[in-house]
Amino acid sequence: QVQLVESGGGLAQAGGSLRLSCGTSGIIFSIHRMGWFRQAPGEQRELVASIDSGGSTTYVDSVRGRFTVSRDNAKNTVYLQMNSLKLEDTAVYYCNAFPLQPWGQGTQVTVSS
């Protein structure tokens, strides 16, 4: 049974930083491309960053240069370092593997001015 458990969200001021973590079980973590997604109220869930098994990364334009995705295969964990946070980064953040697995509960990130 696949489990994805996100943590690290919270309230941050604009310009601040947060680091999200996602622990996984039930998958062979090291072979999967992993992604961080977010969903703001009334919006569709979007992929914001991904990292493949070799460490190559992709970012949506709105976070490139501010967010960094990384992984620790020994810990079956993927991270998202979020710097220079903006109000529009407010959303519930989820991680998932590719191909997509059942979603976890996500972690709320709220950025205030």
Side-chain angles (χ1 to χ4, degrees):
Q1 182 178 355
V2 177
Q3 285 194 315
L4 305 167
V5 181
E6 301 91 347
S7 61
L11 179 64
Q13 287 193 324
S17 299
L18 286 172
R19 189 193 193 208
L20 307 184
S21 299
C22 172
T24 72
S25 62
I27 60 172
I28 305 173
F29 178 81
S30 61
I31 68 171
H32 283 274
R33 179 182 171 212
M34 297 296 299
W36 281 99
F37 301 75
R38 67 184 179 189
Q39 187 168 20
E43 302 289 333
Q44 288 191 339
R45 195 168 299 184
E46 66 167 343
L47 174 67
V48 297
S50 72
I51 182 167
D52 70 12
S53 59
S56 295
T57 58
T58 65
Y59 299 94
V60 68
D61 286 347
S62 59
V63 308
R64 187 174 292 113
R66 300 188 297 120
F67 290 10
T68 303
V69 58
S70 61
R71 65 192 297 159
D72 185 336
N73 289 340
K75 295 182 178 180
N76 293 339
T77 300
V78 61
Y79 304 96
L80 187 67
Q81 177 67 44
M82 305 187 298
N83 298 329
S84 302
L85 284 164
K86 302 178 179 181
L87 298 180
E88 52 265 41
D89 294 322
T90 294
V92 180
Y93 284 72
Y94 303 86
C95 72
N96 212 321
F98 292 91
L100 294 180
Q101 304 297 319
W103 295 94
Q105 83 287 351
T107 187
Q108 175 71 47
V109 171
T110 303
V111 183
S112 64
S113 58

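All values derive from a computational prediction rather than experimental measurement. The figures that follow rest on heavy atoms only: side chains count, while hydrogens, waters and symmetry mates do not.
Residues L20 and V63 fall within the same hydrophobic cluster, defined by Ile, Leu, Val, Met, Phe, Trp and Tyr side chains chained together at heavy-atom separations under 4.5 Å. When hydrophobic clusters are built by joining Ile, Leu, Val, Met, Phe, Trp and Tyr residues whose side-chain heavy atoms come closer than 4.5 Å, directly or via intermediates, Y59 is grouped together with V78. Linking ILVMFWY residues whenever their side-chain heavy atoms come closer than 4.5 Å, directly or via other members, places W36 and F67 in the same cluster. Note on V92: it clusters hydrophobically with L100, by side-chain heavy-atom contacts below 4.5 Å among ILVMFWY residues.
Considering only heavy atoms from C-beta on, L18 stays 4.5 Å or farther from Y93 through its side chain. Two residues are said to be in side-chain contact when any heavy atoms from C-beta on lie closer than 4.5 Å; L47 and V60 fail this criterion. Residues M82 and R66 have side chains not in contact (no heavy-atom distance under 4.5 Å, counting atoms from C-beta outward).
The CD atom of Q44 lies 8.5 Å from the CD atom of Q39; values are rounded to the nearest 0.5 Å. One distance of note links CG of N76 with OG1 of T24; it measures 4.5 Å at 0.5 Å rounding. Atoms CD and CD, from Q3 and Q105 in turn, are 10.0 Å apart once rounded to the nearest 0.5 Å.
Annotation: disulfide bond (SG atoms under 2.5 Å apart) contacts involving residues 31-87, sequence neighbours excluded, are absent. Among pairs with a residue in residues 16-72, those fulfilling disulfide bond (SG atoms under 2.5 Å apart) read C22-C95, at least two apart in sequence or across chains.
For Y94, the ring pair (Phe, Tyr, Trp, His ring centres under 6.0 Å) partners are W103, not counting sequence neighbours.
In this structure a side-chain-to-backbone donor-acceptor pair under 3.5 Å is present from R71 to I51.
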Under 3.5 Å, sequence neighbours excluded: what are the donor-acceptor pairs made by side chains of residues 25-34?
{"residue": "H32", "atom": "ND1", "partner": "F98", "partner atom": "O", "Å": "3.0"}
{"residue": "R33", "atom": "NE", "partner": "S50", "partner atom": "OG", "Å": "3.2"}
{"residue": "R33", "atom": "NH2", "partner": "S50", "partner atom": "OG", "Å": "3.1"}

Enumerate donor-acceptor pairs with a distance under 3.5 Å from any side-chain N or O in residues 106-113 to protein atoms, sequence neighbours excluded.
{"residue": "T107", "atom": "OG1", "partner": "G9", "partner atom": "N", "Å": "3.0"}
{"residue": "Q108", "atom": "NE2", "partner": "A91", "partner atom": "O", "Å": "3.4"}
{"residue": "Q108", "atom": "NE2", "partner": "T110", "partner atom": "OG1", "Å": "3.3"}

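Using a cut-off of 4.0 Å between Lys/Arg side-chain N and Asp/Glu carboxylate O, D61 and R64 are scored as salt-bridged.
Nearest heavy atoms, S17 versus S84: OG-N, 4.4 Å. For the pair S21 and T77, the tightest heavy-atom approach, listed with the atom from each and the gap, is CB-CG2, 4.4 Å.
Other residues sharing the hydrophobic cluster of V5, ordered by chain and number and joined by side-chain separations under 4.5 Å: none, the residue standing alone.
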